[in-house]
Engineer: 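Shown below is the structure under consideration.
Side-chain atoms are counted along with the backbone in the values below, which use heavy atoms only and exclude waters and symmetry mates.
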Amino acid sequence: MADTKREIERKYESDDSGLPDLTGVAGVAAVLDKGVAHLDATYYDTADLRLAAASLTLRRRTGGSDAGWHLKLPVAPGVRDEIRAPLSDTVPPTLASLVRSRVRDAELLPVVRLRSERDVRDLVDAEGRLLAEASVDAVRAERLSGGSGSAQWTEIEVELADGGDPTFLDTVEKRLRKAGVRPSKSASKLARALAETAPRGKNGKNGKKQRKGEESPGEPVTSGDHVLAYVRAQRDAVVELDPAVRQDAPDSVHSMRVATRRMRSAFRSYGKVLDRGVTDPIGAELKWLAGELGVDRDREVLTERLTAALDDLPRTLVSGPVHTRLDTWAGARRGGSRSRLTGVLDSKRYLTLLDTLDALLAAPPLRKAAAGKPGKVLAKAVRKDFGKVSALVEQALELAPGHDRDLALHEARKKAKRTRYAAEAAAPALGDPATALVKSMKSLQALLGDHQDSVMARGTLRELSAVAHAAGESSFTYGVLYGREEQRAASAEAELPGVWKEIRAGALV
């Protein structure tokens, strides 16, 4: 079983080998000598160093108080989540799963061995509580694959205690800088080891392999550059969110689903830039993935809406076991949902989709318009999408309230979302007009989304009412909730003409 620890630390270099005196640091009452730990860590990666390229580290370490397997995922500069698993001879399946979106079908190999002599000091307050751990690490690095170099160095590391105030590290750093200590140029020991043990090329510089499809593009210039930059950002989001989805982190599933929709929308909106003969099949696979991600999401949204509405009712209007009935409905399809979704992310179909996206970005199917100026090509595509939204909204406003209008408003919502994503992709090139359109489409999407949620909620309430009635329970409360949902939908429809008039007046595309 793996567990996770938030790690907040800073690394430093010094021309001296020892740790400066930290007894005078504000808040530090004592510096306790904890002795020397002997650490032996083997780091694993693919032959082309895919994990290192993403600032991920996977190691098997012995020695110290936390021997075992450690996977470190970047959160922010100096902040990583360390996921731990017990010692074993091979990479634990739980950790292998969390790097699968990076590794795919490649083999994880031992790439670097680091042996460290860690001289540890605990910084404690007047009550003996740990504030941070400061250590001096004498490191010896040995390349195990992709070369045979070795290196050694000494570094200082300061790690904040669990639940500590990150500003305390600023206080410690001031003292260290006064003592001539400087921040490390390397983000991690592994990064430094890879750099210093890499084979040297003909120019005398350390060589660095770069994964196919991961070239670092320059600033976008052409229309094609801008569209590809947007697609690349969404591909990166899917890959980066993969571990969070597997861990059921809050909002991770929704965020990955949005990234798939953004890519699919970009392919459809910018068919004059990227050949749809190539992108349409990819779009179909993205739609499949979004559908798998949304199996429980839509029900969760409805459950939250109905639960909030039920909680808002006076007790006198709640008749029968409505809460229980709603809870039963909400949990009807959640059994094994996490394992099901993990199975999707481990599937050949999903991993092939990631490979296909990499291949598309490495050799994009550009059409003639891709070389055109963004101000013309991208703006034309955004205007076209906005025109579709406009036609659908105008059509819906001409219909009488009811089923047909509900369908038209739902279609308008989907097109508003697509227009929003098209404007997002164009915003770096088109500036304020596109940014304003993103904002207006977002507000329209929210209004129409609330209307569609009301439509779905009323359908669910009819279903629950029928089940309750068949069980001999009162259906009164379901009728009350249904009436309130009708009012919410009517309110949204009444608000739409004014919102749409404002959007049309401000549209600059």
Engineer: Output yes when Asp40 and Arg115 qualify as a salt bridge under the 4.0 Å nitrogen-oxygen rule, no when they do not.
Structural biologist: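 Salt bridge: no.
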Engineer: Are there more than 12 heavy atoms of other residues, nucleotides or ligands under 6.0 Å from atom NZ of Lys417?
Structural biologist: yes
Engineer: Is the shortest distance from a Lys or Arg side-chain nitrogen in Lys5 or Glu7 to a carboxylate oxygen in the other one below 4.0 Å?
Structural biologist: no
Engineer: Of the options Asp81, Leu51, Leu58, which is the one that meets Leu71 in a side-chain contact (heavy atoms from CB on, under 4.5 Å)?
Structural biologist: Leu58
Engineer: Does Arg59 pair with Glu82 as a salt bridge, N-O distance under 4.0 Å?
Structural biologist: yes
Engineer: Partners of Thr171 by side-chain contact (heavy atoms from CB on, under 4.5 Å), sequence neighbours excluded?
Structural biologist: Val25, Ala26
Engineer: Before accepting this row, confirm whether a basic side-chain N of the pair Glu9/Lys11 lies closer than 4.0 Å to the acidic partner's carboxylate O.
Structural biologist: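 Between Lys11 and Glu9 there is a salt bridge, with a charged N closer than 4.0 Å to a carboxylate O.
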Engineer: Using side chain to side chain donor-acceptor pair (under 3.5 Å) as the criterion, list what pairs up with Asp275, not counting sequence neighbours.
Structural biologist: none
Engineer: State, with a plain yes or no, whether a side-chain heavy atom of Met263 is found less than 4.5 Å away from one of Val238.
Structural biologist: yes
Engineer: Going by an N to O cut-off under 4.0 Å, is there a salt bridge joining Glu13 and Lys185?
Structural biologist: no
Engineer: Taking atom types as modelled, is there a side-chain donor on Thr222 or Asp225 under 3.5 Å from an acceptor on the other?
Structural biologist: yes
Engineer: Do the non-hydrogen side-chain atoms of Phe267 and Val231 ever get within less than 4.5 Å of each other?
Structural biologist: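 Yes; the side chains approach each other to less than 4.5 Å.
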